[in-house]
Amino acid sequence: MTPLALAAVGECVNEKAGVVNIGLEGIFMITSVTGVWTAEVFGNGAMGLLGGALAGAVLGFALGVISVYGRADQIIAGMGLNIFALGFVPFLLISLWAFPGIHIFPNELMVPRWITPFGQVSPVTVFAVLVAFLAHLLLHRTVLGFRIRAVGERPEAVDVAGLRVDHLRLLTSTLGGALAGIGGAFLPLGWFGAVVKEISAGRGFIALACVVFAGLEPLLALGAAMLFGFADGFASAVAVTPGVKERIPFYFVSMIPYVTTLVVVALVIGQRRFPRTIGRPYARE
Amino acid sequence: MVGREIVPRVSRSSRPPGDPVLIVRNLQVANDQGALAVKGISFEVRAGEIFGIAGVEGNGQSELVQALAGLRPIRSGEISLNGAEIKHLTPLDLYRLGGAHIPEDRLRFGLALNFDLAENSILSRQREPAFSTRMGRLNWNAILSYARQLVERFNVLAPGLHTPVRSLSGGNQQRLLVGRELSKEPVLVIAVHPTRGLDIASTVYIRELLVQMRDEGKGVLLVSADLDEVLEISDRIAVMYEGQFIGSGKVEELSREEIGLMMGGITPKGRDESALASSPTSD
Amino acid sequence: MVELISKVEADYVPNLTTAARDPDVQLIVGVGFLLSDALAQVAQRFPNKNFVGIDTFAQSIIKEKFPAKYPLPNLMDIVYEEHKGSALVGALATLLAAHYNKPYIGGVFGIEIPVLWKFEIGYKWGARWATEWMFKNKPDKAFKYRTDFVLWTYTGTFSDIPKGYAAAKAMYAKDAVAVYNIAGPLGLGINQAVQEIAKARGLKMGPPFWIGVDANQDWINPGFVIASMMKRVDKGVYYATKFVKDGKFRDLVKQTKGTLVLGIGTKVAGELTEGISVSTLADLDEFIKMGQTAEKLTGKKVLPAPPAEIRAKVKAMREAQPQWIWAAVAELEKKIREGTVTVPLVLTKPDIEKWRKELG
Amino acid sequence: MKARWHLPRPLIESLVTIFIGLTAGALLMGAFGYSPLRAYQALFIGAFGTPADVLETIAFATPLMLTALTFSVGIRAGLFNIGAEGQMYLGAIGTTFVAGMVSLPPGIHIAAATASGMLFGAAWAMIPALLKVWRGVHEVISTIMANWIAFHLSTYLAINFLGDPTRADRTVPALPTARYPVLTEDATLTAVIFVAIAFCAAIYLYLWGTRAGYELRLGGENPDAARYAGVNANRVILLSFVIGGLAAGLAGASQIIGRPPAWSLYATLGNVATLGFDGIGVALVGRNHPLGGILAAFLFGALAHGGRLMEYQAGVLSELVRALNGIIVVTLAVPEVWAMLRRRRIR
C-alpha cells in the first residue's frame, strides 16, 4: 500500500498541473534497483530510499522536460519509459550484480520498522500518510498549490499572470517522480527483501487507477491505495483458507486486485472531473 | 478592431423572401458547465433571406448554433427544419434535411488537418451514395473528381488533392470548407464567423457566395461578431445578449449605433420581441 | 561456459541453434522443461553436438514422433525426483508440528503448472507418512492426519514476492510451524513473514520456520530455515560435463535411453548419482564457500552475515530440535532409497484430483 | 498515379529514432563496461548473417506486426489500446482449443483455428471497449487491468481445460491438420507470415478504402470534426477495439499454429508473453500505419533475433533490446525532435 500511496499522491499533484505520467510502473522498477544499489554503496537502507527518490526525480524531470518542452504525447512517452524499464532492469541486474533476474541484498539494509501496539509499521508508511496530508494542504491551502491547479485548468491565465507554466509543470513532475521513486525503493528495501526483474507487477498502473479513483485528490488517493492494498492482501488471505481454494481456483483469486480496480474505476469515473488541459502541452498562442 | 482594411461591399439584389426553412421556438440550451446559455429564443429563417445574428461573442451564439447543428443537446423548445419537426437533432439529420453548416471554428469542427484535401472534401458527406457504396466502400474516383471540382469552382489554391489541409493557408482552408458546405445543395446554410481571420479576397468571395445562396432562394443563418459583415449582407438582424435576443429588425430599420448599444445590453427603444417571429403578414 | 537466458520461450530453438553453431562448443545445456521440444528438434539437426536438458523430456518427444531415432544418441534429459525430496521435508515439518504442538504446516506454491504437483503431493504424502510413523514410534506425540493439516496455496506468480509474504503470513497466523517454499523468489516473502514474527516476539530461532527449495536456502535467515529441499542442478551439469569429457556420454545415453534420473539412491553404471537431498550442515558449508567465491569475484557482499556466524546459528537451530525428528526423516530417506516405500509421482489432472481428495 | 503516402519524411524520422535508440543503447553498454561495437556487430550478424537467420528474423516479425496493428488502429481512432498482450493470450487460448481439441478436415481446420483465435482476441477487447462506451473508463487503465486478468484466466484455461495429459508443461498440441506449413527446415518460419501480412494489408485497405475506416480515422484525427460529420463516437471505439482484438488474436494464433516446435501454448504462457507490449514500439516506429508496421516489425524482429547472438558473443543481455525499444518509443513521442530536425534542414 505504501508505494501505491506515494506514487498516487505524487501523481495527483502532477496531474493537477496538467501532466500525466503513465510511466509510474517503469519508475517503480528502475528505482527499486537504484535504491538497493545506493543502499549497498552507503551500507544504509535509508540512503537507499534517497537513492530511489533521486532516480525517480531524474526520471520525472526527464518526462517533464519531454512533455513541457518537447510537447510529447505524454501517454506514449510514459509507455516508452515502461517498456524501457522492462528491458533495462534485467540488464541492470545482471550488469550490477552478475546474477540474472534477482538480487538479494544483506538483511541489515532493510529499512527498520517501528514496533507499535498495533503491529509493525514502517516509517515510510507513516511518511506516505503524511505526504498525502501535506499534498492536500499544498494543493488547497497554499499559493503554490493554487498556481499548480491553475496551471492544469488555465495555463494561459497563469502565463498572462507572469508565472512560468513550464517551471510549475517541471516541478510537479519531478516531485511526482521523486515520490514514486521512494515507493520504488521501498519495494525491496522496506518490503520484499530483494529486487526481482518484475518487481512492481503492475503496481504502477494500480497507482494510476488510484489517481483516477481519487479524482486527483491526495487524501482520496491515500484511501484508494489502502483499498487496493487491502484487496491484494485479501486475495492472498482467501487463497490460503481451506475450503475456499477447492471451490474457487486461485487463478480467480489472483484476479481480485485487477478486477477491483476495473470495477471501482468504472463506478466512480462519472463523478470525477479532471483538469481541462490534462495531458496536453501548453503552447503560447 | 484596429487597423482593419476596408473590405469592398458585396452587391446584392432584393427579392421577397419565401417560406420559412428553419423555425425555432422557445429554444433553451445549456453550456458545458450545465448553465443555461440560450434562454428561450424564437425565430425563423426564410428561403431567400439572410438572417444575421449579431452580438459580442460568448452570449450564447455558439451554443445556439451547436444546438441547431445537432452538436449539442437541446434543453427545451422546438426546431422545425425544412418542414420537419425534430426533437433530438443530429448532424446527419441536419444534412439529410438540407442543412449546411459552416462552423465557427474550422480547425476544430470543420476540417481534419492531417487528412488530405480530398478526404476533407467529403467530411460530413462521406455517407452520401455518390461517395460510398451501400457496402461501405469509398468511391475514390468520385471523391477525387468531386474534390477537383471544388478546388476549381471555389478557387482553392493547393498543390494537389493529396496535400494535407494543414499546409493550406487559412483562406484556402475556409474556401474548401465553405465550398464543400455550399455544394451540398442546401436549403438552409448556417454560417458562423465565416470570414474570420481571412484575407480580403477570401472575405469578399465568401460573402458573395452567401449572398448568391440567398439569391438562389436558400435560407442563410449568419452568426458573426463582425458587425460590418452582419450589416452588409443580412436582410434581417437580431442581436443576441446574454442568451436572449435583445432586439431585432430589418436591416434598413436598424442603425449601426443602435445595434452597437444592444450588443452592450442596452435597448434604446425597448423593442418588443414580436418582430422576431415575423410572419409574412407582419411585413 | 556461456549462458543464454531466453526471454520468450519460443526463442528456444534459435537460442540453442546459436549455441550449437559455435564450433568450440561440445555440450549445450538447456535448463527448464519448456525446452523439451526445442532440444528434440535442435539435437537432431546437430548430430555432432551433445545436448543436455535439465528437467526436460526431449527423448520422450523423440520416442513419440520419431520412434526410429529413439533414443537420440546425442541427447540426454536429466530429471529429478523432487517428489521424494518434498516428502522428506513434508515429514520433517509434520514432526516439528508434533514436537511444538502446532496445528498446521504450510506450503506456498508459484503458478499452478502441473510440474508443481509433484512437489505438492510429495509434501503432503510425507506429512501423512510422518503422522503414521508417530503412531508406531512416538505415540505420545501422535495425531491423525487431517486433510486440512497442510495449508497450501498457489500464488499465481514466481516473481511477485509480496504474494509469498501475504500467503505465508496467513499461514503463520494460523500457527503453522513451517512453510515450504515452492515458488523461487517468493521464499523471500515467506522469510519476511517469519522475520516479522521473530522481531515481534524477539525470537532468535524458529519456530516458526520455513523450508527452502532447489538451492540451499538455509543461509538466507539462519535459525529460521529449518532445511532446504535441494535439487542439485549443478550436479546434473557436472555429471553431464564429466561424461562428455570422459567420452562416456553417448554410451550412457544408450544405456539410460537418454534419460538420467537424479534423485535419492539413483545410480548410473553402478555409480551413485544423486541429485535430491535435504540440506545438511555440510551442504551449508559448500554453499557458504560458493558465496565467498562470489563475493571475491564481484567484490560485493553476498552473504547476510559472517560465515562462522551463519554456521553457528544453523547448527544451534538444528541441535535445538529433538534427535528423534532427524532420525525419523533419515528413516524415511532410507526407506525411499531401499524402495520399501513409494512416493507418488503426480503429473496429470486425474492423479492430482485423486490425491487431493485423499490428502487434502 | 500520385502516391497517397509521402513515405520519405516518416521513413527518415523512423530511421533517425532508431539511430538515437541504438546510440543510447551503446552509451548504456559503454557505461556498464561492454563493447557496443562488438555487441552491435554480433547483433547484425545474428539477424542477417545467414539466409536462415533472415528467415528467423521474419518469424519474429510475424506476431509483432499484428500486435503493432492493434496499437496502430487504436491510435488511428484516438485510443491507446495497450491491451494487445491480453487479447493475444485469449487468442492463443481460442486457437489452441480449436486446433487441439476439435477434429476438422484439413484446410478448414487451419481456417477455423485461426478464426477462433481472432474471435477470442476480439471478444476480450470488448471489455475495455464497453467500459469506455458505457462508463468512459480510460482505456489505458482498463486494457492494462484486462491484461493481468487475461494472464490468470488464460493460465487457468490452459491448465484446466486444454492441458495435455501426457505433457505437464503445456496444452494439447495443435493437430497436424491445423498447423501452418513450415517454410524451411532451418528456421521456425511458417506460412502464417502470409496471413499476417495479408491481414495488415486488408486493414490498410479497410481504413483508407471504406467509409467505416474513414470515420474511424476521422474520430481519431479530430473527434469534434467527427461529431460534426455525424460519426458515432461509440461505433468508432467498438470498431477499433474489434479490429485491434482480431489482430492481437491472430498474433496469438500465429504462435500456436504457426510456430514450431511446440505447436501449443505453454502453461506459463511463455511462448506468447511480452509480444503484445513489444508491438507498441513497433507500431510507433511504423508510424501507426499498417504497412509501416510490417517494415518496423522486420526491424524489431531483427533486433530480437540478433539480440541472442549479441548475448552469446558480447555478453550483453538481450533484454537490452527491449530497453532500446523503450528509448525509441520515447523519442517518437516527442514531436519537437522532428520540428528541430526540420528547422535545421531549412537553415
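Any value given below was found using the heavy atoms of this structure, including those in side chains, with hydrogens, waters and symmetry copies removed. Labels below follow one simple rule: chain letters A, B, ... track the order of the sequence lines, proteins then strands, and each chain is numbered from 1.
Considering every non-hydrogen atom in both D:R135 and A:A266, the closest pair reads NE-O, 2.6 Å. The shortest heavy-atom contact between A:A77 and D:A333 is N-CB, 3.6 Å.
Using a 4.5 Å cut-off between heavy atoms, D:Y156 contacts chain A through both its backbone and its side chain. Contacts between D:I144 and chain A at a heavy-atom distance below 4.5 Å involve the side chain alone, from C-beta outward. In this structure, the portions of D:L28 lying under 4.5 Å from any heavy atom of chain A include both its backbone and its side chain. In this structure, the portion of D:F32 lying under 4.5 Å from any heavy atom of chain A is its side chain and not its backbone. Residue contact with chain A, scored on non-hydrogen atoms closer than 4.5 Å, is absent for D:N147. Proximity to chain D (any heavy atom under 4.5 Å) is shown, for A:I206, by both the backbone and the side chain. Residue contact with chain D, scored on non-hydrogen atoms closer than 4.5 Å, involves the backbone and the side chain of A:A201 alike.
Chain D is approached within less than 4.5 Å, heavy atom to heavy atom, by A:L208, A:A209, A:V212 from residues 208-217 of chain A, ordered by number. Scanning residues 14-32 of chain A against chain D with a 4.5 Å heavy-atom cutoff picks out A:I22, ordered by number.
Other residues, nucleotides and ligands contribute over 12 non-hydrogen atoms within 6.0 Å of the CZ atom of A:F252.
The side-chain heavy atoms of A:V259 and D:H152, taken from C-beta on, include no pair separated by under 4.5 Å. Side chains of D:V334 and A:R71 form no contact here, defined as non-hydrogen atoms less than 4.5 Å apart.
Listed by chain and residue number, D:D53, D:R308 satisfy the side-chain hydrogen bond (donor to acceptor under 3.5 Å, both in side chains) test with D:H305 (two or more places apart in sequence, or in another chain). A search for side-chain hydrogen bond (donor to acceptor under 3.5 Å, both in side chains) contacts involving D:N234 returns nothing, not counting sequence neighbours.
We find the CE-CZ distance between A:M79 and D:F71 to be 7.5 Å, quoted to the nearest 0.5 Å. Taken to the nearest 0.5 Å, the CZ atom of A:F205 stands 10.0 Å off from the CD1 atom of D:I141. The structure places CG of D:N160 at 5.0 Å from OH of A:Y251, a figure rounded to the nearest 0.5 Å. Atom CD1 of D:I82 sits about 8.0 Å away from atom CG of A:N82, to the nearest 0.5 Å.
With D:I149 as the partner, the side chain to side chain contact (heavy atoms under 4.5 Å, CB included) test is satisfied by one option alone out of A:T261, A:I256, A:L262: A:L262. Tested against D:V330 for a side chain to side chain contact (heavy atoms under 4.5 Å, CB included), the candidates A:L63, A:I76, A:I66, A:I83 yield a single pass: A:I66.
The aromatic rings of D:Y34 and A:F91 lie tilted to each other, with the angle between the two planes from 30° to 60°.
For the pair D:R322 (side chain) and A:F88 (backbone), a donor-acceptor distance under 3.5 Å is absent.
Contact tally against chain A (heavy-atom pairs below 4.5 Å) for D:L284, D:V329, D:L320, D:I159: the top residue is D:L320.
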